[in-house]
Amino acid sequence: MTETSELDDSFHVFDTTLRDGAQREGINLTVADKLAIARHLDDFGVGFIEGGWPGANPRDTEFFARARQEIDFKHAQLVAFGATRRAGAKASEDPQVKALLDAGTEVVCLVAKSHDRHVELALRTTLDENLAMVRDTVSHLVAQGRRVFVDCEHFFDGYRANPEYAKAVVRSAAEAGASVVILCDTNGGMLPAQIQAVVSTVLADTGARLGIHTQDDTGCAVANTLAAVDAGATHVQCTANGYGERVGNANLFPVVAALELKYGKKVLPDGKLREMTRISHAIAEVVNLTPSTHQPYVGVSAFAHKAGLHASAIKVDPDLYQHIDPEQVGNTMRMLVSDMAGRASIELKGKELGVDISGDRELVGRVVDRVKERELKGYTYEAADASFELLLRAEAEGKARSYFEVESWRAIVEDRPDGTHANEATVKLFAKSERIVATAEGNGPVHALDRALRVALEKIYPQLAKLELVDYKVRILEGKHGTSSTTRVLIATSDGSAEWSTVGVAENVIAASWQALEDAYTYGLLRAGVEPAE
């Protein structure tokens with residue numbers, strides 16, 4: 001560990017997002033991306049960050065050069081990844097081994113073949129020569145002052161085929177000076193009980209310090225990792241958000257959370273576990289993938305409660321339906337409002353939104369009935385907190401929040417003979433006793449309506465200048481009259497510091513969009529502290 005680390009060397013969290021995670025379909029990291037992710041991982045407090053394969057491609061070579069100059073690691077050590085020397089060569093003369101030394105990292109992780117068929121078919125060498133390749137490369141790097149970890153590729157499949165040879169690879173690496181030998185479920189086909197049995201046996205038979213690296217092809221990567229820990233592994237290799245080839249790798253965040261909260265192991269510096277949700281989402285932004293809403297611990301739905309029965313229990317004690325306090329991992333509990341909601345759900349949601357209605361049973365009943373009535377028509381409030389808050393406040397205050405009164409609106413889509421299109425919207429409304437007519441063009445009818453509404457209101461409510469429509473979703477609900485289907489629109493809006501969602505439902509997409517836009521602007525003004533118009 002680095003000098004500034006608060007952790008000892010008894011247990012390692014090793015992140016391989018920048019190498020193995022980057023092999024996920026759809027992820028293409030630039031050097032700048034890799035540097036940004038490395039900073040996030042170091043901020044999270046992992047012990048080791050595998051940066052890539054220097055010498056294998058210019059991008060990874062540049063990453064290591066820039067990381068040495070540009071990142072002041074506070075917690076993690078950067079690791080260079082590579083392979084054992086070529087068959088029939090000397091490690092001291094192998095260009096790929098030299099590239100590992102040139103990367104300048106204190107730690108090197110080598111991949112070694114541990115499946116006899118891979119040795120013979122992929123490396124095209126003998127089993128004895130493969131053992132010599134492991135010993136020679138490890139001892140050479142250790143002699144050069146490097147700490148060496150060895151990944152035994154396809155270990156579990158190799159162990160099944162030839163257990164004595166697989167264990168011989170582990171012994172060769174450990175005897176040559178490897179600090180940790182990692183058993184890799186490269187094909188991801190193992191199950192927890194199998195992992196635990198093999199790790200226990202290999203640990204007893206070799207005496208080597210063991211680590212675990214699992215893929216998620218059976219959906220068991222996290223469970224397999226923890227099973228290996230149960231069997232005595234003291235080094236876990238994971239990727240942020242489970243990114244990786246095929247279906248991915250063991251997910252760093254549930255593994256770390258389980259180790260800290262369930263096993264009682266101190267694997268992160270003090271206070272860093274509370275940064276987990278933020279780090280997960282920040283890395284997702286860098287790789288340009290939407291964060292998984294249902295990811296354990298860090299997903300926005302990880303501590304979201306919808307059923308009325310759950311809400312009633314949570315009102316008494318949140319621990320009754322939550323396995324941890326969400327704040328421990330930087331997340332929050334959320335109450336979802338739907339047609340399944342009971343009184344407790346509504347009361348808790350109101351409290352969450354800063355509208356305490358718990359003492360008024362009649363009001364709570366009206367809100368419950370109103371939600372169920374609206375959801376029967378196609379509205380959804382679990383995905384539209386802002387629209388629900390406006391509904392809640394309207395019932396609590398006896399009237400809807402009103403910053404403007406709409407006289408009419410229209411949207412025109414014009415097809416021209418040359419194949420081009422024009423979208424124009426006109427909005428007529430009253431705001432602060434002033435009648436306003438505004439017209440605007442847009443990329444589509446909804447965009448044109450959004451711009452026209454903004455033009456109409458910004459002079460009176462300059463706070464709206466900060467608002468930006470950031471997402472737009474349309475769903476066609478079941479129709480009752482042939483092609484006359486009900487349409488639901490969800491709009492996400494941001495003011496630069498927060499984001500909220502609103503919903504609209506109508507028989508056409510433009511009318512549904514208008515409802516959601518009205519709510520979005522009304523809620524934006526409410527958030528800005530603007531008093532409603534008289």
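In what follows, every heavy atom counts, from backbone to side chain, and hydrogens, waters and symmetry copies are set aside.
Remark: the backbone N or O of Val503 is paired with a side-chain donor or acceptor of Ser387 at under 3.5 angstrom. Looking only at distances, a side-chain donor or acceptor of Thr61 sits under 3.5 Å from a matching main-chain atom of Gly55. Panel note: side chain Thr239, backbone Gly21; no donor-acceptor pair is recorded below 3.5 Å. Without hydrogens or angle criteria, Thr186 side chain to Glu153 main chain gives no donor-acceptor distance under 3.5 Å. The backbone N or O of Ala103 lies less than 3.5 Å from a partner atom in the side chain of Arg68, making a donor-acceptor pair. Counting only distance, with no hydrogens or angles, the side chain of Thr137 and the backbone of Met133 share a donor-acceptor pair below 3.5 Å. Here the side chain of Glu50 pairs no donor or acceptor atom with the backbone of Ala80 at under 3.5 angstrom. At least one donor-acceptor pair under 3.5 Å links the side chain of Asp60 to the backbone N or O of Trp53. Listed for the Asp94 side chain is a donor-acceptor partner under 3.5 Å among the backbone atoms of Arg86. Between the side chain of His281 and the backbone N or O of Thr290 there is no donor-acceptor pair closer than 3.5 Å.
Open room surrounds CZ on Arg475; 12 or fewer heavy atoms of other groups in view lie less than 6.0 Å from it. For Asn57, the CG atom counts as densely surrounded, since its 6.0 Å shell holds more than 12 non-hydrogen atoms of other residues, nucleotides or ligands. Few gaps surround CZ on Arg246; more than 12 heavy atoms of other groups in view lie less than 6.0 Å from it.
Counting heavy atoms from C-beta outward, Arg527 and Ser497 have side chains that approach closer than 4.5 Å. Contact annotation: the side chain of Val329 approaches that of Ile324 to within less than 4.5 Å [non-hydrogen atoms, C-beta and beyond]. Within the 4.5 Å cutoff, the side chain of Leu252 has no heavy atoms near those of the Asn241 side chain. For the pair Phe11 and Val236, the minimum side-chain heavy-atom distance is below 4.5 Å. By the 4.5 Å heavy-atom criterion applied to side chains, Val119 and Thr125 are counted as neighbours. Put simply, the side chain of Asp151 does not reach to within 4.5 Å of the side chain of Leu110, judged on heavy atoms. Looking at heavy atoms from C-beta onward, His323 lies in side-chain contact with Lys262 at the 4.5 angstrom threshold. Between Ile491 and Lys473 the shortest side-chain heavy-atom distance does not fall below 4.5 Å.
Note on ring orientation: taking the six-membered ring where Trp is involved, the planes of Phe149 and Phe48 are perpendicular (angle over 60°, cut-offs 30° and 60°).
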May I have the step-by-step check of side-chain contact (heavy atoms from CB on, under 4.5 Å) for Asp102 and Phe64, ending in yes or no?
-> CA-CA 9 Å; Asp102 291 343; Phe64 283 102; over 6 Å; no
Apply the test side chain to side chain donor-acceptor pair (under 3.5 Å) to residues Asp157 and Asn187: give CA-CA distance (whole Å), side-chain angles for both, the deciding distance (0.1 Å), then the verdict.
-> CA-CA 8 Å; Asp157 295 323; Asn187 288 345; 3.1 Å; yes
Leu273/Leu261 under side-chain contact (heavy atoms from CB on, under 4.5 Å): CA gap, chis, key distance, verdict = CA-CA 10 Å; Leu273 190 64; Leu261 300 175; 3.6 Å; yes
Criterion ring-ring contact (aromatic ring centres under 6.0 Å, His included) on His115 and Phe155, from CA distance to verdict | CA-CA 6 Å; His115 191 315; Phe155 181 83; over 10 Å; no
Stepwise, does the side-chain contact (heavy atoms from CB on, under 4.5 Å) test hold for Val170 with Cys152?
-> CA-CA 7 Å; Val170 174; Cys152 288; 4.2 Å; yes
Could you walk me through whether Ile49 and Gln77 pass the side-chain contact (heavy atoms from CB on, under 4.5 Å) check?
-> CA-CA 6 Å; Ile49 300 171; Gln77 290 192 61; over 6 Å; no
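Between the CG atom in Leu183 and the CG atom in Asn224 there is a gap of 12.0 Å [rounded to 0.5 Å]. Note: Thr105 OG1 to Arg146 CZ = 6.0 Å, rounded to the nearest 0.5 Å. His154 contributes atom NE2, which lies 12.5 Å from atom CG of Asp116 (distance to the nearest 0.5 angstrom). Taking NE2 of His213 as the start and CD of Gln237 as the end, the distance is 6.0 Å to the nearest 0.5 Å. Gln194 contributes atom CD, which lies 9.0 Å from atom SG of Cys220 (distance to the nearest 0.5 angstrom). Atoms CG and SG, on Asp20 and Cys238 in that order, are 11.0 Å from each other to the nearest 0.5 Å.
Using a 4.0 Å cut-off between charged nitrogen and carboxylate oxygen, Arg39 and Asp42 do not count as a salt-bridge pair. Taking a cutoff of 4.0 Å between a charged side-chain nitrogen and a carboxylate oxygen, Glu164 and Lys167 qualify as a salt bridge. Salt-bridge formation is detected for the pair Glu62/Arg66: a Lys NZ or Arg NE/NH1/NH2 atom is positioned less than 4.0 Å from an Asp or Glu carboxylate oxygen. In this structure, Arg278 pairs ionically with Asp43, as a charged nitrogen and a carboxylate oxygen lie closer than 4.0 Å. For the pair Arg274 and Asp325, the salt-bridge criterion is not met [side-chain N within less than 4.0 Å of a carboxylate O]. A salt bridge links Arg85 and Glu129; the closest N-O separation between the charged side-chain nitrogens and carboxylate oxygens is under 4.0 Å. Electrostatic pairing of Arg59 and Asp33 does not count as a salt bridge here, judged by no charged N lying under 4.0 Å from a carboxylate O. Salt bridge Lys90/Asp136: absent, no basic N to carboxylate O contact under 4.0 Å. Taking 4.0 Å as the cut-off between side-chain N and carboxylate O, Asp72 and Lys74 count as a salt-bridged pair.
Remark: the Arg147 side chain and the Ser179 side chain contain an N/O donor-acceptor pair separated by less than 3.5 Å. Side-chain contact check for Asn249 and Gln215: at least one donor-acceptor pair (N or O, by modelled atom type) lies under 3.5 Å. With no hydrogens or angles considered, a side-chain donor-acceptor pair links Asp8 and Ser10 at under 3.5 Å.
Partner Phe253 forms a ring-ring contact (aromatic ring centres under 6.0 Å, His included) with one of Tyr297, Phe44, Tyr243 and no other, that one being Phe44.
When all heavy atoms are compared, the tightest approach of Pro296 to Pro254 is CB-CB, 4.4 Å. Taking every heavy atom of both residues into account, Ala22 and Leu29 meet most closely at CB-CD1, 3.9 Å. Nearest heavy atoms, Ala112 versus Val150: CB-CG1, 3.9 Å.
With Phe63 as the aromatic partner, Lys34 meets the cation-pi criteria of under 6.0 angstrom to the ring centre and within 45 degrees of the ring axis. Cation-pi geometry between Arg19 and Phe81 is met: under 6.0 angstrom from the ring centre, within 45 degrees of the axis.
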